[in-house]
Amino acid sequence: MAAAVSLSPEDLLPKGSAGKAGELEEELDDDDDDELDETLSERLWGLTEMFPDRVRAAAGATFQLSLSVAEKMYRFSRAALWIGTTSFMILVLPVVFETEKLQMEQQQQLQQRQILLGPNTGLSGGMPGALPPLSGKI
């Protein structure tokens, strides 16, 4: 097998262009330095120059309009949420609490009947003091 020979980039270039390669590298380095001085916002602002004034004005107006609509929707949703929450607390929660209180009272009365009259009385819904239903045939 042949031994691997390491060649430098100058060896690969044609004989007369060794000086030009150095100049090209310097030009590329200078171009990179120019690009690094520019920030992203400056670059984006520079890209806007490729659009006509009418397009830029329409885009700016659309952005301002969408920002305004989003702000108004946020304010409206915040106010609507406040009104809905307070209305629910004032109008609905007392009804829920009273219904729960009524159910608890009925359950307590049922338990008292079961304790006083026996376990079958609470399930059949019989009147306290009434005779239990006959289980045989008449």
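Only heavy atoms go into these numbers, but all of them, side chains included; no hydrogens, no water, no symmetry mates.
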(message) Using 0.5 Å steps for rounding, measure from the CD atom of Q111 to the CD atom of Q109.
(response) 11.0 Å
(message) Rounded at 0.5 Å granularity, tell me how far CG in L47 sits from CH2 in W45.
(response) 11.5 Å
(message) To the closest 0.5 Å, what do you measure between CZ (R113) and CG (L117)?
(response) 8.5 Å
(request) Give, for atom CD1 of I90 and atom OG1 of T85, the distance between the pair rounded to the nearest 0.5 Å. (result) 11.0 Å
(request) Give a yes or no answer on whether the side chain of S68 reaches the backbone of Q64 with a donor-acceptor pair at less than 3.5 Å. (result) no
(request) Check each of L93, V95, T99 against F97 using the side-chain contact (heavy atoms from CB on, under 4.5 Å) test, and report the only one that passes. (result) L93
(message) What's the separation between atom CZ in F76 and atom CG in L81, rounded to the nearest 0.5 Å?
(response) 11.0 Å
(request) Nearest 0.5 Å please: distance from the CD atom of E105 over to the CD atom of Q103. (result) 11.0 Å
(message) I'd like to know if the side chain of S66 and the backbone of F63 have a donor-acceptor N/O pair within less than 3.5 Å.
(response) yes
(message) Strictly distance-based, threshold 3.5 Å: is any side-chain N or O of R56 a donor or acceptor partner for the main-chain N or O of F51?
(response) yes
(request) Check the hydrophobic clustering (I, L, V, M, F, W, Y; side-chain heavy atoms under 4.5 Å; chains of links allowed) and say if L67 and L65 are grouped together. (result) no
(message) Using a 3.5 Å distance criterion without hydrogens, assess whether the side chain of T86 forms a donor-acceptor pair with backbone atoms of I83.
(response) yes
(message) For E42, is the CD atom crowded, meaning more than 12 foreign heavy atoms sit under 6.0 Å from it?
(response) yes
